[in-house]
Trainee: 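Provided herewith is a single structure, encoded as structure tokens, for subsequent inquiry.
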2 protein chains.
Amino acid sequence: MSRSLREALTRIDVAPLRRPTAAESVRSALRQQIVDGHLRPGTRLVEETIGSALGFSRNTVREALALLAAERLVVRETHRGVVVATLSSEDVRDLYAARRVIEPAALRRGPGLDVAALEGLREAVTLGQDAARGEDVQGMVSANQLFHRRVSALSGSSRVQELMEDMLAEMRLVFDVMTADRTFHPDFLHRNGQIVALLEAGDRDGAAEAMLAYLHDAEVRLLSAPVWDDRD
Amino acid sequence: MSRSLREALTRIDVAPLRRPTAAESVRSALRQQIVDGHLRPGTRLVEETIGSALGFSRNTVREALALLAAERLVVRETHRGVVVATLSSEDVRDLYAARRVIEPAALRRGPGLDVAALEGLREAVTLGQDAARGEDVQGMVSANQLFHRRVSALSGSSRVQELMEDMLAEMRLVFDVMTADRTFHPDFLHRNGQIVALLEAGDRDGAAEAMLAYLHDAEVRLLSAPVWDDRD
DNA sequence: ATTGTCAGATTGTTCAACAGCCAGTACGTT
DNA sequence: AACGTACTGGCTGTTGAACAATCTGACAAT
């Protein structure tokens, strides 16, 4: 094979192009229902029921549930079944401890911070502001998650991004509890803007510190919410 | 039920006490074989073969393989099968990007740094020194991984620890390539000691910076190794 | 109230089957 | 020799049925 041909071929990124396997379909369908709040925390997920509802066999559903359990979106207890995860205040502490490690560090040192990345962050902030003006709570949550997803992308590690992805899904379970508080999201959307402004000014350490404070305050605010499932 | 009895019972932490399920057994058996290097990167894992070898059905094996794939220890390609993961230089870069985010941040700000934690870190260093004196490569790797596992524990987040756990397992796949280089491990064990010394002196920022430098150097050293599987 | 017992429901696990896909092999074309 | 085609064996993806183990709730017995 000629040298130039080989080199030209390396530039093709061959798309995965495989249609999702059955287990993947079930997995993402359930995942979607959970993060969208249609399957509330505590809901029992019965294999047979899901299987016949979605048109897949029990074994396939089992595989999907096992993966969701690895993601912590559902909890499996042997011989007792699977339920949509119900987060405890301990989980909230754990999630925010993780985010305080990852997000400030990504801002401070992550190798992914370039012009395009800054624009992406700015865009997420703008989307959030639009949603806030329209009092669109779903939109605010999505924009906020987009912002933090892109922050974690600055880490330059797909493994870190994947963890953040999972944790953001878990956060939807948390916000299930917070639907009452109408001021929660707007307050924190504003602070996203401040963080981006610091980055744009070239002050990465400042942005990292602002993120740390943000996460601290958000955790306190969430933990002060009335009801947490703390029967562990 | 009497009041005092109820109160006494709350103090029992009821151990999980469930013996591992079949899929879990297969999963951990395979995991062990992989991290111990008995199943080398690239080895094909055929469901039927594993099943009959370990005495479990194909379905059970499938569940175990799905979980290992989620952990990235094996790679599953649809209709093509499962092989023990072969890491590319891109994977090494990704892993170290993740570690540079997590480990320095855990040292700098993690809430888990107390006297007991410091002792644990010091112990890991001592174990490493002992292994180095005995030229015990396996022991050095284990001690080093214990050290970094305990650093990640400073994060105060089980989710971060879990990610680190998975990544350390992946690192075993990396070291499969590095068995040639006899000086790799002793060099870096020494630097673990310096990091602990900084912590003991109360200089968390300094320890974080030292960790950052450590991880940078380790990555460079690994990437300079002759052969990486970079056919992606 | 506490405990023993039993039936129903659901999970854990196996087995057997079949379609679909992949890699390799052989064969014929150009 | 390079290429296209057809065939084949091996494995994966997925299903459906089956059975034992175990949990849950209800009801009866103490």
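Letters go in sequence order (proteins before strands), and every chain restarts at 1.
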Trainee: Hey, what do you get for CG (B:L222) to CG (B:D217), rounding to the nearest 0.5 Å?
Mentor: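 Those atoms lie 11.0 Å apart.
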Trainee: Closer to the 5' end of DNA chain D via nearest nucleotide, is it B:G81 or A:G55?
Mentor: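 Upstream on the strand: B:G81.
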Trainee: Specify the residues of residues 22-30 of chain A, ordered by number, for which at least one heavy atom lies under 4.0 angstrom from an atom of DNA chain D.
Mentor: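 Those residues are A:A22, A:A23.
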Trainee: Between the side chains of B:R76 and B:E47, is the shortest nitrogen-to-carboxylate-oxygen separation below 4.0 Å, so that they form an ion pair?
Mentor: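 Yes, B:E47 and B:R76 are salt-bridged.
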Trainee: Could you tell me whether a side-chain N or O of B:Q145 sits under 3.5 Å from a main-chain N or O of B:L168, the two making a donor and an acceptor?
Mentor: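 Checking the backbone N and O of B:L168 against the side chain of B:Q145, a donor-acceptor pair under 3.5 Å is found.
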Trainee: Among C:dC22, D:dT24, C:dG12, find the nucleotide with the atom closest to the side chain of A:H79.
Mentor: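 Between C:dC22, D:dT24, C:dG12, the one nearest the side chain of A:H79 would be C:dG12.
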Trainee: A:R80 side chain: which of D:dT14, C:dT14, D:dT24 is closest?
Mentor: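 Looking only at side-chain atoms, A:R80 lies closest to D:dT24.
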Trainee: Taking A:R159's backbone N and O only, do any of them form a donor-acceptor pair with B:D94's side chain (distance below 3.5 Å, no angle check)?
Mentor: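 The answer is yes, because a donor-acceptor pair under 3.5 Å joins these two groups.
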Trainee: Using a 4.0 Å cut-off on heavy atoms, which residues in residues 59-74 of chain A reach DNA chain C? List them by number, or say none.
Mentor: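 Result for residues 59-74 of chain A: A:N59, A:R62, sorted by number.
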Trainee: Apply salt bridge (charged side-chain N to carboxylate O under 4.0 Å, His left out) to B:R27 and list each qualifying residue two or more places apart in sequence or on a separate chain.
Mentor: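 Salt bridge (charged side-chain N to carboxylate O under 4.0 Å, His left out) check on B:R27 returns B:E71.
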Trainee: Is a side-chain N or O of B:D91 found less than 3.5 angstrom from the main chain of B:S88, in a donor-acceptor match?
Mentor: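 Judged by distance alone, yes, a pair lies under 3.5 Å.
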Trainee: side-chain hydrogen bond (donor to acceptor under 3.5 Å, both in side chains) with A:E123: which residues, sequence neighbours excluded?
Mentor: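 Residues passing side-chain hydrogen bond (donor to acceptor under 3.5 Å, both in side chains) with A:E123: A:R150.
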Trainee: Looking at A:T21, I'd like to know whether one of its side-chain N or O atoms comes within less than 4.0 Å of OP1 or OP2 on D:dT14.
Mentor: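 It does, given that an N or O in the side chain of A:T21 lies less than 4.0 Å from OP1 or OP2 of D:dT14.
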Trainee: Ignoring hydrogens and angles, are the base of D:dT14 and the side chain of B:R58 linked by a donor-acceptor pair under 3.5 Å?
Mentor: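 Per atom types, the contact qualifies.
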Trainee: Does a side-chain N or O from A:R76 land closer than 4.0 Å to OP1 or OP2 of C:dG12, or not?
Mentor: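 Yes, because at least one side-chain N or O of A:R76 sits under 4.0 Å from OP1 or OP2 of C:dG12.
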Trainee: For DNA chain C, which residues in residues 38-49 of chain B have a heavy atom at a distance below 4.0 Å?
Mentor: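 Result for residues 38-49 of chain B: none.
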Trainee: So which of A:T60, A:V61, A:V82 actually passes side chain to side chain contact (heavy atoms under 4.5 Å, CB included) with A:I50?
Mentor: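 For A:I50, the side chain to side chain contact (heavy atoms under 4.5 Å, CB included) check succeeds only for A:V61.
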Trainee: So do the side chains of B:R172 and B:I34 get within less than 4.5 Å of each other, counting heavy atoms only?
Mentor: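 With C-beta onward as the side chain, the pair stays apart.
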Trainee: Could you list the residues that satisfy side-chain hydrogen bond (donor to acceptor under 3.5 Å, both in side chains) with B:N144, not counting sequence neighbours?
Mentor: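 B:N144 satisfies side-chain hydrogen bond (donor to acceptor under 3.5 Å, both in side chains) with B:H148, B:N192, B:Y214 once adjacent residues are dropped.
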Trainee: Just by distance, do the side chain of B:D114 and the backbone of B:A116 share a donor-acceptor pair under 3.5 Å?
Mentor: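 Yes; at least one donor-acceptor contact below 3.5 Å.
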Trainee: Does B:R19 place a side-chain N or O at less than 4.0 Å from the phosphate oxygens OP1/OP2 of D:dT22?
Mentor: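 Indeed, a polar side-chain atom of B:R19 lies that close.
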